[in-house]
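Have a look at the structure below before the remarks.
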Protein chains: 2
Amino acid sequence: MSVESLSALDRSTLRERSLEALRSAILSGRYRPGDHLGEVELAGSLGVSRGTVREALRHLQQEGLVTAGNRGMLRVNSLSSAEVHELFRVRAALEGLAVREVIASPRREAAAETLRTAVERLSDEGEPAARMEADLAFHLLLCRLSGNSMLVEAWQRLEGRMRVAILNGAAWQAPMMARDRHVPIVEAIERGDVEAAVRVVDEHMAGAAEHFARATESS
Amino acid sequence: MSVESLSALDRSTLRERSLEALRSAILSGRYRPGDHLGEVELAGSLGVSRGTVREALRHLQQEGLVTAGNRGMLRVNSLSSAEVHELFRVRAALEGLAVREVIASPRREAAAETLRTAVERLSDEGEPAARMEADLAFHLLLCRLSGNSMLVEAWQRLEGRMRVAILNGAAWQAPMMARDRHVPIVEAIERGDVEAAVRVVDEHMAGAAEHFARATESS
DNA sequence: GGGGGGAACACTGTCGACAGTCGGCACGAC
DNA sequence: GTCGTGCCGACTGTCGACAGTGTTCCCCCC
């Protein structure tokens with residue numbers, strides 16, 4: 001089995017490894033928003049050819065972590081506070097659909113239970129990065145449980161930008177990541193209360209948008 | 001001035017032209033769903049190098065027109081009827097947000113007027129392809145008028161898949177594209193009736209989903 | 001006639017190199 | 001001092017070639 005996973009690791013292409021390396025470099029803050037990402041330089045530091053890093057950069061561009069500037073030159077993306085608000089409103093719409101579908105699903109009971117265990121993994125303390133991961137994992141799980149693959153895909157397309165937004169408000173207190181903020185969502189789903197669930201999601205997102213937009217402005 | 005516009009045309013890269021060519025080739029049905037798209041063959045027929053067509057294909061993959069199969073080989077995508085339903089539910093959520101934001105916007109009056117003129121361009125007759133374009137243009141305009149750039153982006157990410165779905169139900173009667181189906185949306189926005197607008201959008205999308213899902217199944 | 005081995009093929013992954021273009025800099029004319 | 005101009009460096013766009021790997025098909029052996 002470990003051979004299997006090892007061979008799976010070996011099977012991962014250079015492009016995928018470069019993509020992962022670049023993504024974590026950006027998300028870890030090693031490259032600051034606005035920094036220019038030159039193909040030659042990155043190819044040299046990653047030990048791959050320009051074409052390979054080029055594909056990884058294009059993927060990052062689609063994810064929204066990187067944006068095109070003058071003459072096709074790429075730089076690390078950053079979001080204005082207005083864009084943060086827009087982003088979270090779209091997210092609210094998508095997750096609102098997710099809770100609707102979860103509640104309408106015949107597997108609602110099982111889904112609620114899965115969410116209940118997931119919400120327990122949300123911790124009020126610890127590394128900010130780890131808390132962010134747990135938070136995003138919870139919301140992604142919510143989308144997945146809707147069984148709507150298009151919804152999952154659309155949400156994931158927003159994920160990169162969300163990470164940028166969260167990154168901008170780096171030293172945040174993160175009251176939005178607290179478990180208390182997520183429990184009501186699960187409870188509303190358990191009760192099958194569509195209106196309450198959607199309202200809670202909306203409020204959750206509005207609060208998060210407000211918080212991160214402020215953090216963006218002050219940076 | 002004419003020099004200016006010409007140089008702008010020349011500025012379009014080979015990658016963009018290849019992308020456009022491939023996209024229209026797929027959308028026009030020249031390549032059928034499931035067809036294998038080999039890099040070498042396409043590079044030869046387009047008169048560009050493999051790297052260039054490769055980038056175009058990757059872009060198409062992000063758009064959802066092309067999907068990866070065995071060993072990274074790409075083929076023209078197709079949607080199951082279940083995915084068509086999922087797709088239109090996500091679209092309904094996004095456009096529901098769009099009408100909310102348009103109505104809540106201080107520029108509601110102007111937006112409604114713009115939509116009123118756009119809806120006039122929807123024709124009940126003529127080329128199916130042209131009608132599809134007009135329909136998509138109307139809905140894209142709706143998203144744009146919301147002023148939410150993230151919403152526009154998310155919608156456009158779905159656009160490729162929508163075209164695939166519509167393409168699958170090729171010989172359709174297209175009652176969903178009729179002007180009558182769109183006028184109520186505009187009227188609800190003009191009245192500022194959020195509930196009605198969202199409900200109309202939902203019904204519009206549900207009807208379209210049902211129609212195209214059936215067309216997908218029968219093909 | 002059927003099955004196994006191997007060679008040829010058809011792909012994609014990856015790379016290094018050349019060409020075009022844009023921005024900055026120094027230099028000279030006015 | 002300021003403007004125009006030509007050079008230089010940097011960066012991306014594009015290309016052709018090589019390598020690795022499944023896949024397929026043919027031939028030989030049983």
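Proteins get letters first, then strands, A, B, ... in listed order; numbering begins at 1 in each.
Taking atom CG on B:Leu57 and atom C1' on C:dT12, their separation rounds to 12 Å, with Å as the unit. Rounded to an integer number of Å, the gap from B:Leu14 CG to C:dT21 C1' is 15 Å. The CD-C1' distance, from A:Glu39 to C:dC22, rounds to 15 Å in whole Å. Between A:Glu55 atom CD and D:dT14 atom C1' the separation is 14 Å, expressed in whole Å. In this structure, A:His36 places its NE2 atom 13 Å from P of C:dG23, rounding to the nearest Å. In this structure, CZ of B:Arg71 is placed 9 Å from P of C:dG13, rounded to the nearest angstrom. Nucleotide C:dG24 holds its P atom 10 Å from the CE atom of A:Met73, rounded to whole Å.
Side-chain contact between A:Trp155 and A:Met162 is present, with heavy atoms from C-beta onward closer than 4.5 Å. Side-chain contact between A:Met132 and A:Leu136 is present, with at least one heavy-atom pair separated by less than 4.5 Å.
In B:Glu113, the CD atom is not crowded: 12 or fewer heavy atoms of neighbouring residues, nucleotides or ligands sit closer than 6.0 Å. More than 12 non-hydrogen atoms from other residues, nucleotides or ligands lie less than 6.0 angstrom from CZ of B:Arg116.
Within 4.0 Å (heavy atoms only), B:Leu74 reaches no atom of the nucleic acid at all. At the heavy-atom level, A:Leu37 lies under 4.0 Å from the strands shown only through sugar-phosphate atoms.
Closest approach of B:Ala165 and B:Val84 over heavy atoms only: CB-CG2, 4.1 Å.
For the side-chain contact (heavy atoms from CB on, under 4.5 Å) with A:Gln62, the lone residue among B:Glu63, B:Arg58, B:Arg157 that qualifies is B:Arg157.
Taking a 4.0 Å limit (strictly below) on heavy-atom distances, residues 41-54 of chain A reaches DNA chain D at A:Arg50, A:Arg54.
Counting only heavy atoms from C-beta on, A:Thr13 has its side chain closest to C:dG13 among D:dA10, C:dA10, C:dG13.
Ring planes of A:Phe138 and A:His182: perpendicular class, angle over 60° (limits at 30 and 60°).
Put simply, B:Asn70 has no side-chain N or O that comes within less than 4.0 Å of OP1 or OP2 on C:dT12.
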